[in-house]
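Just so it is clear, the values below take in all heavy atoms, side chains as well, and ignore hydrogens, waters and symmetry mates. The sequence lines fix the lettering, A, B, ..., with proteins before strands; numbering per chain opens at 1.
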Amino acid sequence: MFNVDHRDPKKIMTLSRLGSFHQSKLSFLRSFIREFKNWKFKRNLFDLNDGGYGLVVYSVNKNERTYSLICFANELKSDERSDRVIATKWDAAFVLHDGVPTKSDLDRLRQNVPKQEVGRVSYKELTLSRANKSVRIFDHVVQRLAKGMQPDIKLINDVGYLYRTTAVYGSGKFGLADRYRIKDRPEICGPFRLEMMLVYLVRQFTFDQVNHIAKCKNPQEAVELSHDIARNLGIGNSTGLGMAPFIVNHPTLLHNWIFSREEALKQIRQIENVSLKDFEFFKSCLNRSKKNINSWITESTYQNKKIEQLKQDLEKLENDLFSKLDTKQRHLWNTIYNWVELNLSDEGVEYIVSMMMEPYDSIIEPLVAKMSSEEDQYFDIPGEKKVSELLSIVENHYSKFLDINFDTKKSVTNFWFISKNKEEPRIANRYEEGGSDLEQPLAIARDIAKLHKKLKSSNQSNTVAKFLLLNQDVRHVVRRCFIVENFPYSEIQDNTIDENLVPIDMLRLKLSFFGAQKFDPRSDKWLRISMYQGAPLIHELNSSNDTWMYNLI
Amino acid sequence: MRTSSEIETVSKRASRAAGFSWGVSEEIGKCIKSLELYQISGLENLNDYLKKIKNIRPKGPLEIEHKNSLKEGNFCPIYTGVALMDASSRIMKLKTLSIQSVDFPILLIPFLNKISYKIGKMIEVKFDDIEILLNLNNYISSNTDLRQKILKYTKQLSINVIENRDTFDASVWDSLYELSTETFVEESDSYHHY
């Protein structure tokens, strides 16, 4: 049988490659829509004043299960609006409630949700978020609708959303339900599914709010936002470094995400006879997706270079390869992949890998169900193993780290810490800022190198338990070694404190799995993205197909 | 109400701030979360213990033996728990252990509970007048109500690995087995396929 190996983790898990990942059929936005397309969506309460401020409740229901999004829209002065973490007020605050909220729940939440991190929610709440208007587009849309006109399409395309969220919290934060309370519900077995639900419902709120304000401004002439334009709008998101350590702190989860992608690619490359229908579908998705690339606007030189490279890659693919392909040839996908890997940039390779998944529901769907992780199961260290076995794991899986000279300043320039102000992860230069003595355990490459040194000078026949009795300072990386042994895609194969680290590569990896598009780095430490742009509207969900993100106008 | 996730994170960070390594602090976070899920005062015991060791260097065992004692000072429940857990296979061999002078022994319970799971046997723990039975990290039973219990020190703690054994005698088994056979059907020769 024709067998293709999974791609080498040492190649795929580098930050430059991970920072070139794109959304795919595996992405959480898309799997959320597939899972919830047959649920009933309802607007239960709509109590906004003429200015669009007040309370709105939406519910999502199937059989005995109901989830409700509660939206608090607040009046905000323009000088109070900020996407930065130090903000204490937002245009709107949201919470996803488990079930239908009672009046007393709403009263409780009204006191707490708008305060976000300094408020307190309960185990009855599942996710928490806030968002600010994109004032430029929001006001434009309201004015136009109030005059009976649709907004300017170019402006809509340039921005892509009416609101952008600045954080979406879940899993036990600020009193939210712990994951173990809800993890066995089949509809939310995919990672971040409740966060995806919140964002999808927030998008609907932004449409309802803008229509409402326009109608109140001019009841006689106002029109509703056209469905085509609304569909073209997503939800923006400003994301900072808070997200980066997540992928280091959740190794088995990271593995399951990447492995699903790698397994999908392997199975697709092994297909012997590719049907003309599937190949044409791939080409059609690729062709339609170009609108997304052409409307990907950023001021970031770093990102613009990557976008330009991607455009050139796709052109090269069409000009140099497509004409030579024939679905009669065996293992067509493998031929394409091998050519792509040889001739395109990281950005182009990963784009094509995502596109190759498009025709294959039957391969992707079973993998989506495996993208969560019961992390506690892999937490314990097998102390009975020998030092020699641990040394061998280090040398096999982390060889790249062992070549780095950590005695140079360049290799240890940065350190990760938790900000006292916001209790969120941040990065700083250890030679310019204080606090490196409170460094977080995220310098895996450096600590693995330290472990290696200690292991080399230890008695090889000792047990790991005995080794640890005198070496608890490296315990956190010993644990990781036994994880990476079984989960080879669990570790970033780069030095996360190097002088040249580009933290947004870590953000992009995670956001690509969310299904985000149009990465717009605002610095090397934070970026803006768009989610759900092109997604079906609530009333269209039932009849929607899975390639909605290629439907931009 | 504080969530399990918050309890784990705060316990981990506080332990790190008190001088434990990150790897050990991660273990502490998991263990305190586990105690609190059993409604045992993990957080309060930890808080008091971390205050106690503010200016001293806590000590753990350097070997795991039948009898474990220090020449000076008391055993740290965290270092002791971590060392025992790493040496689960040795605990299985030793079967009975005693540890002299342990600070905040309640903090040792979740580590021993994990050992019970790892070796697949129940573990009995005794200190002062408290007897605790740990069953495969699934439940904790005790002769004393451990809720709200803060115990600063015990002179001696004993650990006993209990061999798997029946809780019933053979006649009870025979009786129930006999009843279960009433779900069987008599096989005739025509059913033989071999």
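- Listed options A:S171, A:G383, A:A465, A:G172 were ranked by heavy-atom pairs under 4.5 angstrom with chain B; first place goes to A:G172.
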Practice problem: Mind running side-chain contact (heavy atoms from CB on, under 4.5 Å) on B:K33 and A:D376 for me, showing each step along the way? | Solution: CA-CA 12 Å; B:K33 177 176 85 171; A:D376 282 359; 3.5 Å; yes
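- You'll find the side chain of A:L469 stays beyond 4.5 Å of the side chain of B:Y79, heavy atoms only.
- A:Q472 contributes no side-chain N or O that, together with a main-chain N or O of B:G23, makes up a donor-acceptor pair within less than 3.5 Å.
- No other option in A:R120, A:K466, A:E384, A:K173 has as many heavy-atom pairs under 4.5 Å with chain B as A:R120.
- Side-chain N or O atoms of B:S5 include none that pairs as donor or acceptor with a backbone N or O of A:D178 at under 3.5 Å.
- The environment of CZ in B:F184 is crowded: more than 12 heavy-atom neighbours from other residues, nucleotides or ligands sit within 6.0 Å.
- Contacts of A:R480 with chain B are absent, with no heavy-atom separation under 4.5 Å from either backbone or side chain.
- Of the inter-residue distances, the one linking B:E6 atom CD with A:F174 atom CZ reads 8.0 Å to the nearest 0.5 angstrom.
- Neither the backbone nor the side chain of A:T463 comes within less than 4.5 Å of any heavy atom of chain B.
- In this structure, chain A has heavy atoms under 4.5 Å from both the backbone and the side chain of B:S4.
- Using a cut-off of 4.0 Å between Lys/Arg side-chain N and Asp/Glu carboxylate O, A:E439 and B:R16 are scored as not salt-bridged.
- No donor-acceptor pair under 3.5 Å is formed between the side chain of A:R475 and the backbone N or O of B:W22.
- Heavy-atom distances place no part of A:L438 under 4.5 Å from chain B, backbone and side chain included.
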